[in-house]
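What follows is a short report on a single structure.
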Amino acid sequence: MIVKQIWTGNAYRNFNYLIACPESGEALAIDPLDHRKCLAAATDAGWQITQVLNTHEHGDHTGGNKAMIAATGAKLLAHKNAKDKIPGIDRGLGAGDVIKVGKTVELEALDTPGHTMSHVCLLSHTEEPALICGDTLFNAGAGNCHNGGHPKELYHTFAEQLARLPDETRIYPGHDYIANNLRFTLDREPDNARAQGLLDEIEGQDPAHALVTTLALEKEINTFFRLHSPSVIARLREAFPDLPEEPDAKTVFLKLRELRNGW
Ligand SMILES: [Zn+2]
Ligand SMILES: [Zn+2]
């Protein structure tokens, strides 16, 4: 399986993706907002885009569908409950559905509500597992819930699905927010040396050659996976003095999400 991350260079800092079968050259375009860059990358590599998949219904993920499908005749896939929000879906996806790309690639759809209520992530069952996570999980951060989402659902998606994936899972998010997110982690957990080291390492990186993290690394540097950290909890108590003595993970997650909204 080949994963090509495409940096759009737009103001929203979107990443688009092509997933290709090395044997057949068939490719899946994920959230191809910058359809020109995606098409050019496919042409350069000799791939044929046969499917387009939207992780969710927001315009910065669906805005390239029309032009991409007009140019390739690709089928459109998205969450089955997005049918009234995304025009022209050919295949509605639910949890556990398998998306085949060419002869060698199989991706499992995960139903991951929170950022919106009709959001899918894709998990590859390859030797090195990969997660295409749209706006649910970002490098060192979590999606917001301002436009059709719910923080409690996002917590359950993190705790019951994402956190349980293999540690070596490679993380491919829908936006490049890593530097700002690491600053939030450090604001919440100033003694997180790993986050500080990573911020020093990636500050000023060219997003066209972005660092790809793993879930193991996210668990060290993403405050939304560090819900039991004593320093996260101590710092949270400064903002929320009524926080219980031993707050549960869900409470910590929701308070962090609330602080991130205004940060
Ligand atoms: Zn979104
Ligand atoms: Zn987005």
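In each ligand, atom 1 is the first atom listed, and ligand 1 is the first ligand listed.
Heavy-atom neighbours of E160 CD from other residues, nucleotides or ligands within 6.0 Å: above the threshold of 12. Y12 OH: 12 or fewer foreign heavy atoms inside a 6.0 Å radius.
Look at D31 and the Zn ion (ligand 2): no N/O/S atom of the residue is under 2.8 Å from the metal. When distances to the Zn ion (ligand 2) are checked against a cut-off of 2.8 Å, H56 contributes no N, O or S atom below that limit. Among the atoms of H58, none of the N, O or S atoms falls under 2.8 Å from the Zn ion (ligand 2). In summary, an N, O or S atom of H115 is located under 2.8 Å from the Zn ion (ligand 1).
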Can H125 and E108 be said to form a side-chain hydrogen bond (donor to acceptor under 3.5 Å, both in side chains), step by step? CA-CA 8 Å; H125 294 284; E108 178 190 345; 2.6 Å; yes
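The existence of a salt bridge linking E189 and R194 is excluded, since no basic side-chain nitrogen approaches an acidic carboxylate oxygen closer than 4.0 Å.
Side-chain atoms of T251 and D248 include a donor-acceptor pair closer than 3.5 Å.
The Zn ion (ligand 1) is closest to atom OD2 of D135 (considering only N, O or S atoms). Looking at D60, its N, O or S atom nearest to the Zn ion (ligand 2) turns out to be OD2. Looking at H175 and the Zn ion (ligand 2) together, the shortest N, O or S contact belongs to NE2.
Aromatic ring centroids of H58 and H119 lie 6.0 Å or more apart.
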